[in-house]
Peer 1: 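Pasting in a structure now, in structure tokens, and then I'll have a few things to ask.
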Amino acid sequence: MKAVQKKATKWLVTCMAFATVLAGCAGGEAGPSQETEQPAASEGGKTTEQPAAEAPKERVKLRVEVFDRGNAPEGLTVTKNRMTEYVQKNFGDPNNIDVEFVAVPRSEEINQLNVLMAAGTAPDLIFTYNAGAVYNWAKQGGLQDLGPVLEEHGPNLKSYLGDALEYGVFDGTQYAVVARRVSLEKYSSIIRQDWLDAAGLPVPKTTEETYNTLKKFKELNLGGTRTIPLSFSLTPDSYEPVIWSFIKEQSDEARYLRSVTIGSREYPILMDGHKDALQFLNKLYNEGLIDPDFALDKDKKKRDENFVNGYTGLQMHDVTQYFYGGDESHVNQLKRNVPGAEVTPLLPWTDFEGKNRQPSYTPSGMFIAVPTFSERAVEVVKYLNWMAQDEVIQYMAFGEEGVHHDVVDGFPVRNGSDEDKNLLFNTGDMLIITNGIDFGSPEKNLQYFGLVIDEPHRAMAIENRKMAQKDAVQQPIKFDKPLDSEAKHSVVMLEKYEELLVKSMMAKPDQFDAVYEASLKDFMVTAGNEVFAERAAAYEAMK
């Protein structure tokens, strides 16, 4: 215990020295949406209490992070609700543990965790999707080695996660438990079919056809009081699909040496075609084909509002978002607000080979770790090990049959009742050992996905998801370990990349080259030169 405390004290002193530059302790991104799907579950079975074999003699407290997305039902919070009560009753009480959940705003996740880690007040169980942040905390001496604890207290967990655990090993040490990511599809697109019909146009199949379609939407002012031909916000699901379709280089070597990893994404900033992509976006902006206020929309709220109110012709989004949510799905809201509105899935962007090159996820999801100053590593692993049981997964994903879900074609399907919403409103942030639904095969997973979509849109949603798999490029490219420079500069790189994107898109066409080059130089001087030098050295070492 003294050794742990001594190491923790040393790390706190180091980290506090960087308190004015929090990015020095970790870097990250507030984004996305790669975790929007429900968690995984096994077929059949009901949850029962799981008494512990060895409950501690003295009652202890276990503090667990939970994302606050501002979506708790009335009268409930992310820290006190039906699911936290379930955890306390079925895990906490049998193990003589008081489980306290600590809310961390999703949009400020990394900055908040930096502060808590530097102050020594972070929860015993912390998580993030940002590998660079985890590696940087580990490198600063801020995370515990979970390997020995997993061996002793995590048999269920190790069996359930399998190879995914390897993603949490940095420098030969198991600094994190990494959730399984079941579905790798990232983004998809839909277009207003009623707008296409009004314009007398087919569904576009190439970038050129898509551009001409957007121009026609604007010319005919098909949005009524406001027409936004292409939905756009300052978020990866808006710019990544376009940018990757312009990248001309295909080799792994090019991706190692001319792209950077920021958080959980790969940015092909020096690859051939990147500048062409931003010039195309500049063209769309200057011709009034995207929302002129996109740069102010970093949480997608304005973009989604424009879509459901009928102002948008073509939209790109996280793959599950259009049709998921029952009556409150984006498509159903659109149809309520705009009588006669119809949509069609499509692949709007093509690369130089005519393929629909697009990004996809890696098999790893959330990184779960324990700060050095925590004395509850055993309890953390016991908690995750308890979670990795069929009955627990079933309940945390779907609740109780007949109350929170019904069985349809052999699959548990949430029923949308108040009981369902009160228990499972943040299921993906509570069942943290997995991202996505896993019923044993891709075919079964897709079959289940269709069941959670209302009947009028089921076939369309399945087709939309299949499209997201076509010509997909898995991101990010994987070095033997996260790079020091990328971890150190993660926050500033994202800021500088967004500056490059916004300034380049909004520049006057005749000033585009100058603005792009100046912004790229700023990115390189601030962090890029150091990052690319380390990437080159790491690539040579791997070879």
Peer 1: Could you walk me through whether V99 and T84 pass the side chain to side chain contact (heavy atoms under 4.5 Å, CB included) test, one step at a time?
Peer 2: CA-CA 8 Å; V99 184; T84 61; over 6 Å; no

Peer 1: Does a side-chain heavy-atom distance below 4.5 Å link L501 with Y267?
Peer 2: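 Answer no - side chains too far apart.
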
Peer 1: Are the side chains of F439 and P412 in touch, meaning some heavy atoms are under 4.5 Å apart?
Peer 2: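 The answer is yes; the side chains approach within 4.5 Å.
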
Peer 1: For L281 and V242, which heavy atoms make the closest approach, and how far apart are they?
Peer 2: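 Closest approach of L281 to V242: CD2-CG1, 3.9 Å.
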
Peer 1: Hey, are D390 and Q394 close enough side-chain-wise for a donor-acceptor pair under 3.5 Å?
Peer 2: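 Absent: no donor and acceptor within the cut-off.
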
Peer 1: Is the positively charged end of K478 above the ring of Y167, judged by distance under 6.0 angstrom from the centroid and angle within 45° of the axis?
Peer 2: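 The answer is yes, since K478 meets both limits relative to Y167.
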
Peer 1: What distance separates I462 CD1 from L446 CG, expressed to the nearest 0.5 Å?
Peer 2: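 Rounded to the nearest 0.5 Å, the CD1-CG separation comes out at 5.0 Å.
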
Peer 1: Apply the test side-chain hydrogen bond (donor to acceptor under 3.5 Å, both in side chains) to residues D197 and Q193: give CA-CA distance (whole Å), side-chain angles for both, the deciding distance (0.1 Å), then the verdict.
Peer 2: CA-CA 6 Å; D197 294 341; Q193 181 61 52; 2.9 Å; yes

Peer 1: Inspect the contact between R180 and D163 and indicate whether a charged nitrogen and a carboxylate oxygen are less than 4.0 angstrom apart.
Peer 2: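 No, D163 and R180 are not salt-bridged.
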
Peer 1: Look up atom OG1 in T210 and atom CD1 in I191, then write down how far apart they are to the nearest 0.5 Å.
Peer 2: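 One gets 6.5 Å once the value is rounded to the nearest 0.5 Å.
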
Peer 1: Report the C-alpha separation of H457 and Y324 in whole Å, then their side-chain angles, then the decisive distance to 0.1 Å, and conclude whether the side-chain hydrogen bond (donor to acceptor under 3.5 Å, both in side chains) test is met.
Peer 2: CA-CA 10 Å; H457 304 127; Y324 186 76; over 6 Å; no

Peer 1: Are K186 and D237 within salt-bridge range, i.e. N to O under 4.0 Å?
Peer 2: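 Salt bridge between K186 and D237, a charged N being under 4.0 Å from a carboxylate O: no.
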
Peer 1: When rounded to the nearest 0.5 angstrom, what distance separates CE in M366 from CD1 in I433?
Peer 2: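 Nearest 0.5 Å value for the CE-CD1 distance: 11.5 Å.
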
Peer 1: Is it the case that the side chains of N332 and S329 hold a donor-acceptor pair, with the cut-off being a distance below 3.5 Å and no angle test?
Peer 2: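 Indeed, the side chains of S329 and N332 share at least one donor-acceptor pair under 3.5 Å.
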
Peer 1: Measure across Q474 and P363 and return the closest heavy-atom pair with its distance rounded to 0.1 Å.
Peer 2: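 Between these two residues, the closest heavy atoms are OE1-CD, 3.7 Å.
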
Peer 1: How far apart are the C-alpha atoms of M506 and Y285, what are their side-chain angles, what is the distance that settles it, and do they pass the side chain to side chain contact (heavy atoms under 4.5 Å, CB included) test?
Peer 2: CA-CA 7 Å; M506 298 179 68; Y285 176 83; 3.3 Å; yes

Peer 1: Would D406 and V413 count as a side chain to side chain contact (heavy atoms under 4.5 Å, CB included) if you check the C-alpha gap in whole Å, the side-chain angles of each, and the deciding distance to 0.1 Å?
Peer 2: CA-CA 5 Å; D406 300 311; V413 177; 5.7 Å; no

Peer 1: Between T207 (side chain) and T350 (backbone), is there a donor-acceptor pair under 3.5 Å?
Peer 2: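 Such a contact is found between T207 side chain and T350 backbone.
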
Peer 1: Would you call the rings of H274 and Y516 parallel, tilted or perpendicular if under 30° counts as parallel and over 60° as perpendicular?
Peer 2: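 Geometry flag for Y516 against H274: tilted rings.
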
Peer 1: When you check the side-chain N and O atoms of E240 and Y187, is any donor under 3.5 Å from an acceptor?
Peer 2: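 E240 vs Y187: donor-acceptor pair found between side chains.
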
Peer 1: Between K444 and D409, does any side-chain N to carboxylate O distance fall below 4.0 Å?
Peer 2: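 Result for this pair is no, no salt bridge flagged.
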
Peer 1: For Q250 and I247, work out which heavy atoms get closest and say how close.
Peer 2: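 Closest approach of Q250 to I247: NE2-O, 4.2 Å.
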
Peer 1: Is a salt bridge present between E498 and K298, judged by a nitrogen-to-oxygen distance below 4.0 Å?
Peer 2: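 Judged by the 4.0 Å cut-off on N to carboxylate O distance, E498 and K298 do form a salt bridge.
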
Peer 1: Taking atom CD of E353 as the centre, does the number of heavy atoms from other residues, nucleotides or ligands within less than 6.0 Å exceed 12?
Peer 2: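 Buried by this count: over 12 neighbours within 6.0 Å.
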
Peer 1: With a 4.5 Å cut-off on side-chain heavy atoms, are Q358 and L347 touching?
Peer 2: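 L347 vs Q358: side chains touch.
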
Peer 1: State, without any angle test, whether N422 and D418 hold a side-chain donor-acceptor pair at a distance under 3.5 Å.
Peer 2: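 There is no such pair between these side chains.
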
Peer 1: Take D438 and R181, measure what salt bridge (charged side-chain N to carboxylate O under 4.0 Å, His left out) needs, and give me the verdict at the end.
Peer 2: CA-CA 9 Å; D438 187 4; R181 183 181 292 282; over 6 Å; no

Peer 1: Considering all heavy atoms of both residues, which atom of Y311 and which atom of G223 are nearest to each other, and what is their separation?
Peer 2: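 Shortest heavy-atom contact: CD2-O, 3.8 Å.
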
Peer 1: What class does the angle between the rings of F280 and F246 fall in, given that below 30° is parallel, 30 to 60° is tilted and above 60° is perpendicular?
Peer 2: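 Ring orientation of F280 relative to F246: tilted.
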
Peer 1: Using a strict 4.0 Å threshold on nitrogen-to-oxygen distance, state whether D429 and R69 make a salt bridge.
Peer 2: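 R69 and D429: salt-bridged.
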
Peer 1: Report yes or no: do E287 and Y211 form a side-chain donor-acceptor pair below 3.5 Å?
Peer 2: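 A donor-acceptor contact under 3.5 Å links the two side chains.
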
Peer 1: Provide the closest heavy-atom pair for P241 versus M316 in the form atom of the first, atom of the second, distance.
Peer 2: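 Heavy atoms of P241 and M316 come nearest at CB-SD, 3.8 Å.
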
Peer 1: Thinking salt bridges, do R255 and E249 make one under a 4.0 Å N-O criterion?
Peer 2: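 Salt bridge between R255 and E249, a charged N being under 4.0 Å from a carboxylate O: no.
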
Peer 1: Using 30° and 60° as the class boundaries, would you call the ring planes of F232 and F294 parallel, tilted or perpendicular?
Peer 2: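 Because their plane-to-plane angle is over 60°, the rings of F232 and F294 count as perpendicular.
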
Peer 1: Is there side-chain contact between S233 and K301, with at least one heavy-atom pair below 4.5 Å?
Peer 2: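 Heavy-atom side-chain distance check fails, nothing below 4.5 Å.
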
Peer 1: Regarding N306 and D291, is there a side-chain donor-to-acceptor distance under 3.5 Å anywhere?
Peer 2: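 Their side chains do contain a donor-acceptor pair, which is all the 3.5 Å distance test asks for.
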
Peer 1: Just by distance, with hydrogens left out, do N415 and S417 show a side-chain donor and acceptor under 3.5 Å apart?
Peer 2: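 There is such a pair (donor and acceptor under 3.5 Å, judged by atom type) between the side chains of N415 and S417.
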
Peer 1: Are D420 and F425 side-chain neighbours, meaning at least one heavy-atom pair lies under 4.5 Å?
Peer 2: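 Side-chain contact under 4.5 Å: no.
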
Peer 1: Any side-chain heavy-atom pair from F307 and H330 closer than 4.5 angstrom?
Peer 2: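 Yes; the side chains approach each other to less than 4.5 Å.
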
Peer 1: Taking atom types as modelled and ignoring hydrogens, do the side chains of S504 and N282 form a donor-acceptor contact shorter than 3.5 angstrom?
Peer 2: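 Checked: S504/N282 side chains show no N/O donor-acceptor pair below 3.5 Å.
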
Peer 1: Please state whether the rings of F91 and Y383 are parallel, tilted or perpendicular, taking 30° and 60° as the class boundaries.
Peer 2: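 Tilted: the ring planes of F91 and Y383 meet at 30° to 60°.
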
Peer 1: Taking the side chain as every heavy atom from C-beta outward, state whether P268 and W244 have any pair of such atoms under 4.5 Å apart.
Peer 2: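 Yes - at least one pair of side-chain heavy atoms lies under 4.5 Å apart.
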
Peer 1: By the definition side chain to side chain contact (heavy atoms under 4.5 Å, CB included), identify the one residue from M387, M396, E65 that meets it with I432.
Peer 2: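 The side chain to side chain contact (heavy atoms under 4.5 Å, CB included) with I432 is passed solely by M387 among M387, M396, E65.
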
Peer 1: Decide yes or no for R414 and T427: does some side-chain heavy atom of the first lie under 4.5 Å from some side-chain heavy atom of the second?
Peer 2: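 When only atoms from C-beta onward are counted, T427 and R414 do touch, with a gap below 4.5 Å.
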
Peer 1: Parallel, tilted or perpendicular for H405 and F398, by the 30°/60° rule?
Peer 2: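 Judged by the thresholds at 30° and 60°, the geometry between H405 and F398 is perpendicular.
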
Peer 1: Taking atom types as modelled and ignoring hydrogens, do the side chains of S259 and E266 form a donor-acceptor contact shorter than 3.5 angstrom?
Peer 2: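 Present: a donor and an acceptor within the cut-off.
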
Peer 1: Between L196 and F217, is the side chain to side chain contact (heavy atoms under 4.5 Å, CB included) condition met? List the steps.
Peer 2: CA-CA 8 Å; L196 289 173; F217 285 172; 3.8 Å; yes

Peer 1: Just checking, any donor-acceptor pair under 3.5 angstrom between side chains of T128 and E109?
Peer 2: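 T128 vs E109: donor-acceptor pair found between side chains.
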
Peer 1: Does the side-chain hydrogen bond (donor to acceptor under 3.5 Å, both in side chains) test come out yes or no for N435 and Y361, once each step is laid out?
Peer 2: CA-CA 11 Å; N435 292 89; Y361 290 119; over 6 Å; no

Peer 1: Using every non-hydrogen atom in the two residues, find where Y86 and V392 come nearest and quote the distance to one decimal.
Peer 2: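 Looking at all heavy atoms of both residues, the shortest contact is OH-CA, 3.8 Å.
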
Peer 1: Any Lys/Arg nitrogen of K466 or E463 sitting under 4.0 Å from an Asp/Glu carboxylate oxygen of the other?
Peer 2: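 A salt bridge is absent here (no side-chain N lies under 4.0 Å from a carboxylate O).
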
Peer 1: Any salt bridge between D297 and R303, counting N to O under 4.0 Å?
Peer 2: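 The answer is no: the pair does not qualify as a salt bridge.
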
Peer 1: Hey, is NZ on K80 packed in by over 12 heavy atoms from elsewhere, all under 6.0 Å?
Peer 2: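 No - once you tally the heavy atoms of other residues, nucleotides and ligands closer than 6.0 Å, there are 12 at most.
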
Peer 1: Hey, is E328 close enough to R336 for a salt bridge, meaning N to O under 4.0 Å?
Peer 2: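 Salt bridge present between E328 and R336.
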
